[in-house]
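Here is the structure we will look at, set down as structure tokens.
Sequence lines set the chain letters: A, B, ... in the order given, protein chains first and strands last, and positions in each chain run from 1.
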There are 2 protein chains.
Amino acid sequence: MTLASLAAELGVSRTTVSNAYNRPDQLSPELRKRVLETARRLGYPGPDPVARSLRTRKAGAVGLLLTENLSYAFRDPAAIGVLEGLALACEDAGVGLHLVPASPGRDDVAAVHRAGVDGFVVYSVPDDDPHLGAVLARPVPTVIIDQPRIEGVDRVGPDDTTAVTALAEHIIQLGHRQVGVLCMRLARDRNDGFAYLDRQQSAHFHVQRARLEALAKAFAKVGVDWSTVPVVERFEHTVDDGAAAARHLLDAHPQVTALICTSDILALGALAEANRRGLRVPADLTVTGFDGIAEAERAGLTTVHQPVLEKGRAAGKLLLSSGDHVKPRIITLNTQLRIGTTSAPPRTMEQHWFGP
Amino acid sequence: MTLASLAAELGVSRTTVSNAYNRPDQLSPELRKRVLETARRLGYPGPDPVARSLRTRKAGAVGLLLTENLSYAFRDPAAIGVLEGLALACEDAGVGLHLVPASPGRDDVAAVHRAGVDGFVVYSVPDDDPHLGAVLARPVPTVIIDQPRIEGVDRVGPDDTTAVTALAEHIIQLGHRQVGVLCMRLARDRNDGFAYLDRQQSAHFHVQRARLEALAKAFAKVGVDWSTVPVVERFEHTVDDGAAAARHLLDAHPQVTALICTSDILALGALAEANRRGLRVPADLTVTGFDGIAEAERAGLTTVHQPVLEKGRAAGKLLLSSGDHVKPRIITLNTQLRIGTTSAPPRTMEQHWFGP
DNA sequence: TTGAAAGCGCTAACAA
DNA sequence: TTGTTAGCGCTTTCAA
């Protein structure tokens, strides 16, 4: 059954049948009723969506590219928040959200080519991601969330530099000079261990790079040589990995008084590890995160909150309002330093205050 | 730029250009290279996915219908698990996952018609959902997760009756006879309050209905008249709503010794409310859930665990392996009663044991 | 290895 | 109010 065969059956033109579905005001109610009834009787399911899309040049869906194991997207509360916000924006506009199957491993870009969508949202991928390249090659609008920064492409994200600088100043003000850092993956190759300056500076994930740079700059101001600061990178982004990274760092640098983590998930792991080694937080060790996920707030983590749901929603709105703009649009989201109960002056400072 | 104009530019046929993209073995490497290079130079982005889909009759995506506020899907860990499993199955098969924008309020079924997909997964909708009707009217395979049960349609889900019966027997064996129930919405209309027998029995959500029926049957066996058992329904499915529902129930029926909740989320709310009123769990009140989400296990909740990720994945696999079967396939997932620290004999029993 | 021809199923000018 | 005409951009027999 097709629209044409139904029209033939009815003895009307295809236009009439099409109008019965798409422009009810273009034909008499009786005729329309007759068309619809005959369609039901004959089992015609209505106009084929793909053929309609081809004709109207509208797919009615936006693609979401997140080059990661899907498990990541559904396990990280921050990512879920972004997804939810984006889904809400799509729902408002009545368009579908098409998750592009792009595993990080297999560089199979075909899925991007195959996606019938009117635009793409790209969420936090490395700047050398081949899927990203495929997306940008498609003649549809694109909005990038967080990273990378691409000249001429719309983007939504926080100002990582400002946010992390505020956090660093808080830690510095507390008196910490012996700090360590746990960060997420810096490139597509796996490196579960220390990340030295060259790797930090050549990181393919802009967000991580910006956060590390902001930390380096802030600590340099108070005389800390960043090349001496231990930074441990972790490929996977889970609480357990955060704990393992913390262990790795503290084993090698027990003198560290503050652990700065570039995400709450890692920080929660660090808290677990501190607990495991009998370190009291914040008395013996300060731990900070980034994102402001609910679980972190419940744990009292000192962190930088960012409005993740708003981030996804803003990206969706931006994408869906494309067309009436020329210059690329950048939306910078407000972040907020939230001082919890996991940061305090280092022990040595307390000893100063209270005497030995 | 289209495939045709590129072919014209190159002085070759459209077939050749098409083959350059889709069947590299059908033309000489040199010619292919020339085609691809010219394409890049002229900014031809490759075959249009929609046109290709029309021609090949393959959209390369599966639709997901969940008639709910999207916020629900992204806030309930059980739903996220299903989503993740389904996404994994899609990723394995290299097909996209198209979230259909179907708000519960607006009965706008158009989004279902517009979705260019090769099949649908329907997750837990009421049996009278109009979107579901639209899905079933489309000539593509469909798999339903959890509910409703539709004759002739593939389905994946747990055996709620067996699972809840085991749970009920546990509670009964502990000695509880004065029980109360918190359940999720029973129909599309909002009813935040008591749900009496007629509403329970006419519930449009099969899962809730089956669970209530199983409870009724199990308690009837030990002489409890189910019509005297307070059941509080809640339209929204959040921890806060669970707490409010528990308050509602306990205010009216303080003699209740066990609160049986049809989901972990509601149960977590009930725990919070018990805590608020100074009731010790399980000494003063037994609380049970359903689902086995991580947070519940962390809280030591007595619950029925179901493999949510597996549920989503199984549904995806089923859908993607359609075609080579005739009879509808039903996959029943194993559930597991997990007795935690929130269930114990009622106080009156203890008094029996230890004397007054 | 390449090309010609024939649609996939639909919508939107425009004309009647 | 209805019909005619002309594609949307592509793939796929089939024949050369």
Side-chain angles (χ1 to χ4, degrees), chain A residues 1-36 38-39 42-61 110 112-118 137-140, chain B residues 1-36 38-39 42-61 110 112-118 137-140:
Chain A
M1 272 318 273
T2 70
L3 184 144
S5 64
L6 177 59
E9 186 79 26
L10 281 159
V12 302
S13 81
R14 294 174 309 191
T15 309
T16 302
V17 178
S18 176
N19 282 340
Y21 285 95
N22 304 317
R23 304 175 149 195
D25 53 314
Q26 295 295 301
L27 73 177
S28 67
E30 307 85 55
L31 179 55
R32 174 156 195 260
K33 202 177 145 207
R34 190 159 75 88
V35 171
L36 264 32
T38 310
L42 268 50
Y44 174 65
D48 179 282
V50 174
R52 166 188 275 156
S53 287
L54 175 59
R55 182 61 234 235
T56 60
R57 311 270 61 207
K58 278 260 149 278
V112 173
H113 292 134
R114 233 188 295 279
V117 297
D118 301 318
R138 294 252 327 238
V140 293
Chain B
M1 268 318 274
T2 70
L3 183 143
S5 64
L6 177 59
E9 186 78 27
L10 280 158
V12 302
S13 81
R14 293 174 311 187
T15 310
T16 302
V17 177
S18 177
N19 283 339
Y21 285 95
N22 304 317
R23 306 175 148 193
D25 53 314
Q26 296 294 302
L27 74 176
S28 67
E30 306 83 58
L31 179 54
R32 174 156 194 262
K33 200 177 148 206
R34 190 158 76 87
V35 171
L36 264 33
T38 310
L42 267 52
Y44 174 65
D48 179 280
V50 174
R52 166 188 276 158
S53 288
L54 175 60
R55 182 62 234 237
T56 60
R57 310 269 60 205
K58 278 259 149 277
V112 172
H113 292 135
R114 233 188 294 279
V117 298
D118 301 318
R138 294 255 324 241
V140 293

### Task
Whole angstrom is fine here: how far is it from CZ in Arg14(B) over to P in dG9(D)?
12 Å
#### Entry: Sugar-phosphate only, base, or nothing, as touched by Leu54(A) at under 4.0 Å among non-hydrogen atoms
base
### Task
Assign Asn19(A) to base, sugar-phosphate, or nothing according to its heavy-atom contacts below 4.0 angstrom with the strands shown.
nothing
### Task
Using a heavy-atom cut-off of under 4.0 Å over every strand shown, decide if Thr15(A) touches base, sugar-phosphate, or nothing.
base
### Residue mapping more 5' on DNA chain C - nearest nucleotide basis, Gln26(B) or Met1(A)
Gln26(B)
### Task
Remember a base hit wins even if backbone is also touched, and classify Val12(B) as base, sugar-phosphate or nothing at under 4.0 Å, heavy atoms.
sugar-phosphate
### Task
May I ask you to verify if any side-chain N or O of Ser13(A) is less than 4.0 angstrom from the OP1 or OP2 atom of dG3(D)?
yes
### Query
What is the nucleic acid contact for Tyr44(A), judged by heavy atoms within less than 4.0 Å: base, sugar-phosphate only, or nothing?
sugar-phosphate
### Query
Could you give the distance from CG (Leu27(B)) to OG (Ser18(B)), rounded to the nearest 0.5 Å?
10.0 Å
#### Entry: Main-chain N/O of Pro24(A) paired with Arg32(A) side-chain donor or acceptor, under 3.5 Å
no
### Task
Show the numbers, then the answer: is there a salt bridge (charged side-chain N to carboxylate O under 4.0 Å, His left out) between Asp48(B) and Arg57(A)?
CA-CA 10 Å; Asp48(B) 179 280; Arg57(A) 311 270 61 207; 3.1 Å; yes
#### Entry: 5' precedence on DNA chain C between Arg57(B) and Pro29(B) (nearest-nucleotide basis)
Pro29(B)
### Message
Under 4.0 Å, counting only non-hydrogen atoms across every strand here, what does Thr2(B) touch: a base, just sugar-phosphate, or nothing?
### Response
sugar-phosphate
### Query
Is any side-chain nitrogen or oxygen of Ser18(B) closer than 4.0 Å to OP1 or OP2 of dC10(D)?
no
### Query
Looking only at N and O atoms, is any donor in the side chain of Thr56(B) or the base of dT12(D) less than 3.5 Å from an acceptor on the other one?
no
### Message
Whole angstroms only, please: what is the CZ-C1' distance between Arg55(A) and dG7(C)?
### Response
16 Å
### Summary
d(Ser5(A) OG, Glu9(A) CD) to nearest 0.5 Å is 7.5 Å
